[in-house]
Amino acid sequence: MTTIAANLQVVRQRIAAACAAAGRAPASVTLLAVSKTWPAVQVRAAVACGQRAFGESYVQEATDKIAQLRDLVVEPRLEWHFIGPLQSNKTRTVAERFDWLHSLDRAKLAERLSAQRPAALAPLQVCIEVNVSGEASKSGCAPEEAAALAQAVARLPNLTLRGLMAIPEPTEDIALLRSRFALLRQLQDRLNAQGLALDTLSMGMSHDLEAAILEGATIVRVGTAIFGER
Ligand SMILES: *Cc1c(COP(=O)(O)O)cnc(C)c1O
């Protein structure tokens with residue numbers, strides 16, 4: 001067995017165990033394999049093990065990789081998720097090449113992405129990134145800005161608002177970590193009570209996916225535990 005195959009097996013077992021501990025169905029959590037910095041050959045190895053959803057953080061690197069993998073015809077097909085910080089001059093590439101964006105944090109980006117999404121493609125699936133760690137973190141919108149941004153995104157024709165994403169500051173304090181994830185879940189509940197239909201919580205990475213699943217994660221974004229140290 002290749003290292004990636006063995007690692008994927010371990011990560012899938014971790015997800016299954018966390019789901020069991022949380023009383024959730026294993027199918028309620030999607031594994032997003034974060035392939036940033038890794039070449040296309042590593043993605044092929046993961047695809048050979050049945051992995052289909054991949055996360056990328058750098059627009060140019062991702063574009064090259066997606067092009068290199070165009071010959072790979074599999075069923076179901078590959079799904080590309082952009083999870084990194086997005087600059088407004090890079091929105092067109094994301095609108096044209098990606099299936100999902102997890103890191104939306106301002107209305108201007110949303111408007112550009114909707115305008116630039118090719119008509120032949122399904123709407124771009126979007127999560128709003130929320131800063132759940134206060135001053136410790138700079139990425140994502142403030143929790144109190146999320147409702148207005150969500151309503152704005154929901155009105156755009158070529159985006160489908162799916163949910164929320166967070167990257168809490170790393171900490172050894174599991175209770176603190178869980179409270180950050182819980183904040184995202186509570187925010188989702190509040191937005192849904194306001195008439196939105198969010199079904200996605202993108203939270204949890206290699207070191208904290210168990211805590212995220214206990215708090216309701218539906219997508220975990222895992223890089224290091226699958227591909228190794230970057
Ligand atoms: C790199 C990255 C990950 C993966 O982190 P690991 O610790 O390697 O699992 C997840 N989410 C985002 C937004 C990232 O940039």
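In listed order, ligands and their atoms are each counted from 1. We number each residue from 1, following the sequence as shown.
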Legend entry - Polar contact flag, side-chain donor to acceptor under 3.5 angstrom, R221-S202: yes
Inset, instruction - Using a strict cut-off of 4.0 Å, indicate which atoms of ligand 1 neighbour a heavy atom of S57. - result: 15 (O)
Inset, instruction - Run the contact test for A225 against ligand 1 with a 4.0 Å cut-off on heavy atoms, strictly below, and give the result. - result: no
Legend entry - SB check K36 E56 (cutoff 4.0 Å): no
Inset, instruction - Could you list which atoms of ligand 1 come closer than 4.0 Å to a heavy atom of I167? - result: 13 (C)
Legend entry - Enclosure of Q194 CD (heavy-atom neighbours >12, cutoff 6.0 Å): yes
Inset, instruction - Answer yes or no: does an N/O atom from H207 fall short of 3.5 Å to an N/O atom of ligand 1? - result: no
Legend entry - Within-cut-off N or O pair, V34 and ligand 1, under 3.5 Å: no
Inset, instruction - Go through ligand 1 atom by atom and flag the ones less than 4.0 Å from a non-hydrogen atom of G223. - result: 4 (C), 6 (P), 8 (O), 9 (O)
Legend entry - Geometric class of the H81/W100 ring pair [parallel <30°, tilted 30-60°, perpendicular >60°]: parallel
Inset, instruction - Could you see which bit of S206 sits under 4.0 Å from ligand 1, with heavy atoms only: side chain, backbone, both or neither? - result: both
Legend entry - Protein heavy-atom partner closest to atom 11 (N) of ligand 1 - residue, atom, separation in Å: R221 NE, 2.9 Å
Legend entry - Top protein contact for atom 10 (C) of ligand 1, by heavy-atom distance: M205 SD, 3.2 Å
Legend entry - Protein contact to atom 15 (O) of ligand 1 [nearest heavy atom, distance to 0.1 Å]: K36 NZ, 2.7 Å
Inset, instruction - Specify side chain, backbone, both or neither for H102, according to which of its non-hydrogen atoms lie closer than 4.0 Å to ligand 1. - result: neither
Legend entry - Identity and separation of the nearest protein heavy atom to atom 12 (C) of ligand 1: I83 CD1, 3.5 Å
Inset, instruction - May I ask you to identify the nearest protein heavy atom to atom 8 (O) of ligand 1, giving residue, atom name and distance to one decimal place in Å? - result: T224 OG1, 2.5 Å
Inset, instruction - Assess the side chains of Q60 and D64: does a donor N or O sit below 3.5 Å from an acceptor N or O? - result: yes
Legend entry - Gap separating the CG atom of L196 from the CG atom of D199, nearest 0.5 angstrom: 11.5 Å
Inset, instruction - Say whether Q116 and T91, considering side chains only, have a donor N or O and an acceptor N or O under 3.5 Å apart. - result: yes
Inset, instruction - Give the numbers and elements of all ligand 1 atoms closer than 4.0 Å to a heavy atom of V222. - result: 9 (O)
Inset, instruction - Would you please say whether a donor-acceptor pair under 3.5 Å links the side chains of T93 and R97? - result: no
Legend entry - Exercise: do S139 and E129 side chains pair donor with acceptor under 3.5 Å: yes
